[in-house]
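Note that ligands are numbered from 1 as they come in the structure, with each ligand's atoms numbered from 1 the same way.
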Amino acid sequence: MRTQVAIIGGGPAGLLLSHMLAREGIDSIVVERQTRAHVLQRIRAGILEAGTVELLRAVGLGRRMDREGHSHDGTAIAWAGRDRFFIDTRKHTGKAMMAYGQTAITEDLYAARDAVGGAIIDEATSVRLEGVTSNSPSVNFGKNGRTERIDCDYVAGCDGFHGISRQSIPATILRTFEKTYPFGWLGIMSETPPFPDIVYGHHERGFALASMRSPTLSRYYIQCDLATKLEDWPDERFWAELKARFPKNIADQIVTGPSIEKSIAPLRSFVTEPMCYGRLFLAGDAAHIVPPTGAKGLNLAVSDVFYLARGMVDAIKHGRTGYIDSYSDMALRRVWGAERLSWWLTTLLHRFPGDTPFDERMRENQLDYLARSEVAQASLAEQYVGLPFED
Ligand code: APR
Ligand code: PHB
């Protein structure tokens, strides 16, 4: 097989890249390890920055999002049993966020690729890259017991944190930066009307978050320790713990019901530098992970793809390599900004084992300052709604 861009990974990063390249007349093949059904049933994040929303609209993916998504003028923070205060992105930046699940975006992307006959190969085994420092790289993989090869001009590594693309970069070139956190998030989805605001809660029992996917679908999380087992958390225990961590007026308004999904995710910060090697370019979780506090993961995948699509289009169609050559530097500036915000929010809102009373006072004082200071709120609002893409 031959294509212009071989894309490893059919998550949001890989599919969006394929879609954006196709709109510019550039051919790609997506190679995905899992079945499509598996990819489509994964439940992930769901809060979109203003720039993500604009980009999805600009590339023809806005219709269902605008119909079913829920626009938000910001997010609330509650702590120490006090009522919540609001980080008003509309007031401070003129921009809004959108609650629209990654699962729905992935469905929209598959539908868009299918509508124009986009090539997506699923259940590919033993995916391997060759010749990425040459002008004619290739991707090798198994499919239905046969070995296949795609020759291409560029490879996009969009295969998530556990993918093979990043591992194809020699250890002498690659630098990684990592921080793990001594807790995870226990999350549930329930078919109940959500609390009207997205609320981040800090409490001495630990962090809690109220979020949503639609007017009838709620998403809640609580901080848990890493040894937590799902079977120890029947729904009643989850709801009781969630409510115990929010102030009474919020807890009283939370509508409980049976969970339709329950899972535990560890928290990690991780960055790869550089995000390219020869003609291989990493995008999304393949290059970086953020803890979910602040909901930056999916948004970063989208901004990477914005920069990468622009670079590839300019190089392939016009022979101009300025953007593709600066892809890693440009993408990383935004990545590090989101890394810092998600690390800061994680540190601010969680309880860490071994925290001293001094540590807790520092956290409370930061929250108190944030609750009172318009300037501090404006700064958080600017970062939460998403910094602009660079020209
Ligand atoms: N070969 C082919 N595909 C692979 C391989 C491989 N060796 N390894 C992993 N994949 C696939 C995975 O099955 C998955 O479908 O790559 C895809 C990567 O998708 P995601 O993990 O969703 O990552 P990405 O597309 O970068 O999406 C951004 O940021 O914070 C998160 O929740 C957010 O998952 C979202 C991500
Ligand atoms: C979610 O709705 O899943 C969500 C919302 C906000 C976050 C993280 C996750 O910071």
Exercise. With backbone taken as N, CA, C and O and side chain as the heavy atoms from C-beta onward, which portion of Asp285 lies under 4.0 Å from ligand 1: side chain, backbone, both, or neither?
Worked result: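 The part of Asp285 near ligand 1 is both the backbone and the side chain.
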For this session: Indicate the ring-plane relationship of His70 and His72, choosing parallel, tilted or perpendicular according to the 30° and 60° boundaries.
Result: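 Rings of His70 and His72: tilted, 30 to 60°.
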For this session: Please state whether Ala124 comes within less than 4.0 angstrom of ligand 1, counting heavy atoms only.
Result: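 Under 4.0 Å: no for Ala124.
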Exercise. Taking the non-hydrogen atoms of Arg42, is any one of them nearer than 4.0 angstrom to ligand 1?
Worked result: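 For ligand 1, residue contact (heavy atoms, under 4.0 Å) with Arg42 is present.
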Heavy-atom nearest neighbour in the protein, as seen from [atom], with distance rounded to 0.1 Å:
atom	value
atom 3 (O) of ligand 2	Tyr221 OH, 2.6 Å
atom 8 (C) of ligand 2	Pro292 O, 3.2 Å
atom 5 (C) of ligand 1	Asp159 CB, 3.7 Å
atom 22 (O) of ligand 1	Arg44 NH1, 2.8 Å
atom 2 (O) of ligand 2	Ser211 OG, 2.6 Å
atom 6 (C) of ligand 2	Tyr200 OH, 3.4 Å

Problem set entry | Check: Arg44 N/O within less than 3.5 Å of ligand 2 N/O |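 In fact, backbone or side chain, Arg44 has no N or O that close.
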For this session: Give yes or no for whether the N/O distance cutoff of 3.5 Å, strictly under, is met between Ala295 and ligand 2.
Result: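 Yes, since at least one N or O of Ala295 sits under 3.5 Å from an N or O of ligand 2.
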For this session: Using a strict cut-off of 4.0 Å, indicate which atoms of ligand 2 neighbour a heavy atom of Ile47.
Result: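 Those of ligand 2 that fall under 4.0 Å from Ile47 are 5 (C), 6 (C).
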Problem set entry | Other residues, nucleotides, ligands: >12 heavy atoms within 6.0 Å of Arg67 CZ |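 Atom CZ in Arg67 is crowded, with more than 12 foreign heavy atoms closer than 6.0 Å.
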Mind checking whether [X] has a heavy atom under 4.0 Å from ligand 2?
X	result
Arg213	yes
Leu209	yes
Trp185	yes

For this session: Output, in order, the C-alpha distance, side-chain angles, deciding distance and verdict of side chain to side chain donor-acceptor pair (under 3.5 Å) for Ser18 and Ser28.
Result: CA-CA 6 Å; Ser18 171; Ser28 66; 3.1 Å; yes
Close aromatic pair by centroid cut-off 6.0 Å: [X] and [Y]:
X	Y	value
Trp185	Phe207	yes
Trp336	Phe177	yes
Phe161	Phe270	yes

Exercise. Hey, does the side chain of Glu360 reach the backbone of Thr356 with a donor-acceptor pair shorter than 3.5 angstrom?
Worked result: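 No.
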Exercise. For ligand 1, is there an N or O atom under 3.5 Å from any N or O atom of Gln34?
Worked result: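 In fact, backbone or side chain, Gln34 has no N or O that close.
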Exercise. Got an N/O contact under 3.5 Å between Ala13 and ligand 1?
Worked result: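 Yes.
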For this session: Please assess Asp83 against Lys248 for the test salt bridge (Lys or Arg N to Asp or Glu O under 4.0 Å), listing each intermediate value before the final yes or no.
Result: CA-CA 9 Å; Asp83 198 8; Lys248 186 168 182 318; over 6 Å; no
Problem set entry | Given Arg219, Arg44, Arg42, Arg213, the one that forms salt bridge (charged side-chain N to carboxylate O under 4.0 Å, His left out) with Glu261 |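 Only match with Glu261 under salt bridge (charged side-chain N to carboxylate O under 4.0 Å, His left out): Arg219.
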For this session: Check the pair Arg334, Ser303 against side chain to side chain donor-acceptor pair (under 3.5 Å), reporting the backbone distance first and the verdict last.
Result: CA-CA 8 Å; Arg334 227 172 164 280; Ser303 63; 3.0 Å; yes
